[in-house]
Structures are given as C-alpha cells and as structure tokens.
Amino acid sequence: MAKTENPKQRVAKRIKGLANMARKSTIIKEEYYEQHDCKRGLRDLNGKGVVVGLTEISEIIASKVNEQGVREPCNGELYYRGILLDDIVKGFIREKRFGFEEVTYLLLFGKLPNAEELSAFNNMLAELRALPSGFLRDVIM
C-alpha cells in the first residue's frame with residue numbers, strides 16, 4: 001500500500017520544487033562578475049567586505065543617450081525580468097484584474113505564468129494563507 005503525504009509534506013515538496021525553479025531563473029553569467037568588477041557574497045578574495053551585486057530581476061533606466069550622443073535624464077523606466085512595468089500594469093487594467101500573484105511569479109521564477117501555472121501558484125498560496133489558531137480572538141478582538 002502506498003504511503004500518502006500529509007499536507008505539510010505536500011507543501012514542503014511543492015516549495016522545494018518552486019525554490020529550484022527560482023534558483024535556475026536567476027543564474028548570472030560568470031563573465032559578468034569580472035566584466036563589472038562585481039564581488040560575490042559579502043567579501044572579496046582578500047577578505048575585505050563588499051556590498052555589491054548583480055541581478056536580472058529588475059532594471060531601472062534613468063537616462064538615455066540623445067541624438068547628439070549626450071546622456072540625458074529621462075522619465076524613469078522600471079523593468080521586471082525585462083518587461084516594462086508600465087506594460088504589465090496596463091495589461092491588468094485593460095483586463096480588469098489584479099496582478100499581485102502574477103508579478104510575484106514573474107519576480108520569483110523569471111517568466112510570466114501561463115494559466116495553469118498561475119492557477120497552481122494561486123491554489124498553493126491560498127492553502128498557505130490560513131490564520132493561526134486564536135488569531136481572531138487574540139489579535140482582532
């Protein structure tokens with residue numbers, strides 16, 4: 001007879017799978033560290049502390065090069081995983097829906113979810129939203 005997973009085991013297994021997916025979506029190419037003289041972690045090779053990092057999660061565009069080749073400040077642009085945030089928000093507004101879970105998925109896993117992935121992600125979040133016993137009595141009342 002097959003042993004069935006309890007809810008905690010099932011959630012732990014799903015979270016482990018999502019963590020692996022998130023880890024794979026944020027790999028930085030080795031040559032970028034040298035190209036940008038970026039340190040890894042909190043210390044350089046000599047043990048000196050550093051506060052530097054690279055990310056592919058977001059990018060801010062604060063200036064652009066004009067036609068004369070001069071860099072000028074511009075209206076800021078924020079990109080999440082290469083997608084302009086304004087475009088993401090316009091899509092939610094046009095389709096009259098909320099986008100918190102979808103953007104969370106994008107930030108964590110590096111891509112917008114398809115309908116099936118979003119549904120599974122929403123279901124998992126809903127399962128984990130349970131309030132601790134006594135919360136209503138102790139906190140709200």
Side-chain angles (χ1 to χ4, degrees), residues 2-141:
K3 185 178 167 183
T4 60
E5 293 179 325
N6 68 40
K8 284 186 179 182
Q9 291 171 322
R10 190 175 67 252
V11 169
K13 186 177 180 181
R14 286 171 40 196
I15 288 175
K16 193 177 229 179
L18 291 172
N20 285 331
M21 191 172 148
R23 195 175 303 110
K24 289 176 185 175
S25 75
T26 56
I27 296 173
I28 304 293
K29 292 181 181 178
E30 289 293 317
E31 63 263 22
Y32 289 173
Y33 288 95
E34 191 172 316
Q35 178 184 348
H36 298 285
D37 190 30
C38 182
K39 311 306 182 229
R40 297 175 221 199
L42 300 175
R43 301 190 190 290
D44 64 14
L45 293 174
N46 299 318
K48 182 179 176 187
V50 298
V51 183
V52 181
L54 294 174
T55 182
E56 291 183 347
I57 295 172
S58 67
E59 180 181 6
I60 297 170
I61 306 296
S63 61
K64 293 188 177 181
V65 177
N66 67 19
E67 294 160 2
Q68 291 77 32
V70 177
R71 183 164 293 282
E72 295 179 329
C74 66
N75 290 333
E77 295 176 354
L78 175 59
Y79 291 82
Y80 284 160
R81 300 288 190 168
I83 304 171
L84 183 61
L85 184 60
D86 289 350
D87 292 341
I88 295 171
V89 172
K90 285 176 189 171
F92 297 144
I93 291 169
R94 183 178 58 250
E95 296 170 16
K96 296 181 179 163
R97 61 189 176 89
F98 299 108
F100 175 81
E101 291 85 355
E102 205 165 333
V103 172
T104 300
Y105 192 99
L106 171 67
L107 293 173
L108 289 172
F109 308 121
K111 67 183 190 93
L112 287 169
N114 63 33
E116 182 181 324
E117 292 166 332
L118 183 59
S119 177
F121 189 62
N122 283 336
N123 290 337
M124 184 193 68
L125 291 176
E127 283 181 36
L128 299 173
R129 282 192 185 115
L131 295 173
S133 63
F135 179 83
L136 290 174
R137 181 193 69 232
D138 298 340
V139 177
I140 297 188
M141 297 177 148

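Not measured: the values here are computed from a predicted model. For the numbers below, each heavy atom of this structure counts, side chains included, while hydrogens, waters and symmetry mates do not.
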Undergrad: Would you compute the distance between atom CD1 of Ile88 and atom NZ of Lys90 and round it to the nearest 0.5 angstrom?
TA: 12.0 Å
Undergrad: Can you tell me how far apart CD1 (Ile83) and CG (Leu78) are? Round to the nearest 0.5 Å.
TA: 11.5 Å
Undergrad: Measure from the side-chain N and O atoms of Gln9 to the backbone N and O of Asn6, and report whether any donor-acceptor pair falls under 3.5 Å.
TA: yes
Undergrad: Just so I know, are the side chains of Ile60 and Glu77 near enough to count as touching, which here means a heavy-atom distance under 4.5 Å?
TA: no
Undergrad: From Lys8 NZ over to Ile15 CD1, what is the distance, rounded to the nearest 0.5 angstrom?
TA: 12.0 Å
Undergrad: Rounded to the nearest 0.5 Å, how far apart are CG of Leu106 and CZ of Arg81?
TA: 7.0 Å
Undergrad: Can you give me the closest heavy-atom contact between Arg14 and Asn123, atom names plus distance?
TA: NH2-C, 4.2 Å
Undergrad: Got Phe121 and Leu108 here, is their nearest side-chain heavy-atom distance under 4.5 Å?
TA: yes
Undergrad: What closest approach, in Å, do Ile61 and Lys64 show between heavy atoms, and which atom pair accounts for it?
TA: CG2-CE, 4.0 Å
Undergrad: Look at atom CD of Glu72 and say whether more than 12 heavy atoms of other residues, nucleotides or ligands are closer to it than 6.0 Å.
TA: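 Atom CD in Glu72 is packed in, count exceeds 12.
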Undergrad: Provide the closest heavy-atom pair for Tyr105 versus Leu112 in the form atom of the first, atom of the second, distance.
TA: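 Closest approach of Tyr105 to Leu112, heavy atoms only: CD2-C, 4.4 Å.
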Undergrad: Does some side-chain heavy atom of Glu117 sit less than 4.5 Å from a side-chain heavy atom of Phe109?
TA: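 No, side chains not in contact.
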Undergrad: Return the CG to CZ distance between Leu18 and Arg23, rounded to the nearest 0.5 Å.
TA: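 CZ of Arg23 is found 11.5 Å from CG of Leu18.
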Undergrad: If you count heavy atoms of other groups shown closer than 6.0 angstrom to NZ of Lys111, is the number above 12?
TA: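 Correct, the count exceeds 12.
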Undergrad: What pair of heavy atoms forms the shortest contact from Tyr80 to Ser58, and how long is it?
TA: CD2-CB, 3.9 Å
Undergrad: Does a side-chain heavy-atom distance below 4.5 Å link Lys29 with Gln35?
TA: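 Result no, sub-4.5 Å side-chain heavy-atom pair not found.
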Undergrad: Around Asp87, counting heavy atoms of other residues, nucleotides and ligands shown, do more than 12 lie under 6.0 Å from its CG?
TA: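 Result for CG/Asp87: enclosed.
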Undergrad: Please give me the minimum heavy-atom distance between Tyr79 and Leu84, naming the atom from each residue.
TA: CD2-N, 3.4 Å
